[in-house]
Number of protein chains: 2
Amino acid sequence: MKKATKVMNNHKLAEDLLTSHGLRRTQIRLEILQLFMQQDHALSVNDLEKMVKSSHDRVTLYRALNSFEENGILHQTPDKSGNMRYALCAEGCSGHHHKDEHAHFICDECNQTYCLQEVKIPDVKLSDDYQLNSVSYTMNGICKDCQ
Amino acid sequence: MKKATKVMNNHKLAEDLLTSHGLRRTQIRLEILQLFMQQDHALSVNDLEKMVKSSHDRVTLYRALNSFEENGILHQTPDKSGNMRYALCAEGCSGHHHKDEHAHFICDECNQTYCLQEVKIPDVKLSDDYQLNSVSYTMNGICKDCQ
DNA sequence: AAAAGTAATGCAAAATAGTTGCTATTGCTT
DNA sequence: AAGCAATAGCAACTATTTTGCATTACTTTT
């Protein structure tokens, strides 16, 4: 019952996310967004491909993810081996300047990427040679499930 | 004159780096290491391929870089698009635990990765759910050459 | 409710990055 | 000088991501 409600809410949320960004509400995009909402960690294209039921074309996933990233719905971080992971943005992100500057944790064991929304990235002092736009902070170690 | 001295020193340094890590002093590895010593930013395999004179085999580069990484001579960071960049380690790094926890700066314009040796990565408090091994801190913006 | 416009999908193909197996070299040790 | 093992070189392969083009299907307009 609760689950049903939650899923319904997520579906509604996904629809709103799409329309509020001027994107079309197609089945697969709604499905993708709901998958992200059910997750506490970032997903790779491979993860998604396994989870998505309706379609199996990777290209569609790539294009949806890129579109979401450009519209500030998702942000991306490369994992340790350089593969991209995606996760939902906080409110107020745009494609060119993501506001959600929280830390990420990547498990050395299962290789999952967790968004630590509550861990804000501390500032460092930077020489005038560099003009700062954004920062990322990634921790590696062992996650709760792998200990 | 100064340059010649510097190059000679780098050659000597490169030889020492290899022998002190039990690696053989081959031409291309010496060349690779000297290229890194002349750089203030991290290099990708593509960068190296363009710069290296003697050989053009990517596989050799990959294997050399992996070997250097495992031996604590180089460390790697993925750039924004997930491609790997390599840069010299500080003293005392080993393959499994790199000590040089400094911040990196990636230019949005030229896409170069700079090692900010003097910028130490600040700690954050992390929930007990996670067991921390290492951290990385990457800043994005515009570098001195691109402003 | 149909038509039109355009965003999104699917398929094929290609570009790019990185890996693996195997043989030939070559640096280093004895 | 000989022999071992590390490294280089070549070929082929895997994986990831991108691109072009024709088709489908949302959304808006009429």
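None of these values were measured; they are calculated from a predicted model. Every chain is numbered from 1, with letters handed out A, B, ... down the list of sequences.
Between B:E49 and B:R58 there is a salt bridge, with a side-chain nitrogen of the basic residue lying less than 4.0 Å from a carboxylate oxygen of the acidic one.
When side chains are defined from C-beta on, B:L48 counts as touching B:L65, because their heavy atoms get closer than 4.5 Å. Here the side chains of A:L33 and A:F68 are in contact, with some heavy-atom distance below 4.5 Å.
Of the possible donor and acceptor atoms, none in the side chain of B:Q34 sits under 3.5 Å from a partner among the backbone N and O of B:A14. Counting only distance, with no hydrogens or angles, the side chain of B:D16 and the backbone of B:L13 share no donor-acceptor pair below 3.5 Å.
Comparing A:R63 and B:R63 by the nucleotide of DNA chain D whose heavy atom lies nearest to each, the residue mapping closer to the 5' end is B:R63.
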**OP:** Test A:E109 against A:D145 for side chain to side chain contact (heavy atoms under 4.5 Å, CB included), laying out the working first.
**Re:** CA-CA 10 Å; A:E109 197 70 26; A:D145 295 340; over 6 Å; no
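When the P atom of D:dA6 is taken as reference, atom CZ of B:F68 falls 15 Å away, rounded to whole Å.
With rounding to the nearest 0.5 angstrom, the CE atom of A:M51 is 10.0 Å from the CD atom of A:E31.
The 12-atom threshold is not exceeded at CG of A:D128, counting heavy atoms of other residues, nucleotides or ligands nearer than 6.0 Å.
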**OP:** Determine, for nucleotides 24-30 of chain D in 5'-to-3' order, which nucleotides have protein heavy atoms under 4.0 Å from the base (write B), from only the sugar-phosphate (write S), or from neither (write -).
**Re:** -BBS---
Subject >> nucleotides 13-18 of chain D: protein proximity per nucleotide (B base, S sugar-phosphate only, - neither; heavy atom, under 4.0 Å) >> reply: ---SBB
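Clustering ILVMFWY residues whenever any of their side-chain heavy atoms sit less than 4.5 angstrom apart, transitively, puts A:I106 in a cluster other than the one holding A:V45.
Along DNA chain C, read 5' to 3', the first and last nucleotides having any atom under 4.0 Å from a heavy atom of chain A are C:dG5 to C:dA12.
Between A:Y114 and the options A:H41, A:H102, A:H104, a ring pair (Phe, Tyr, Trp, His ring centres under 6.0 Å) holds for only A:H41.
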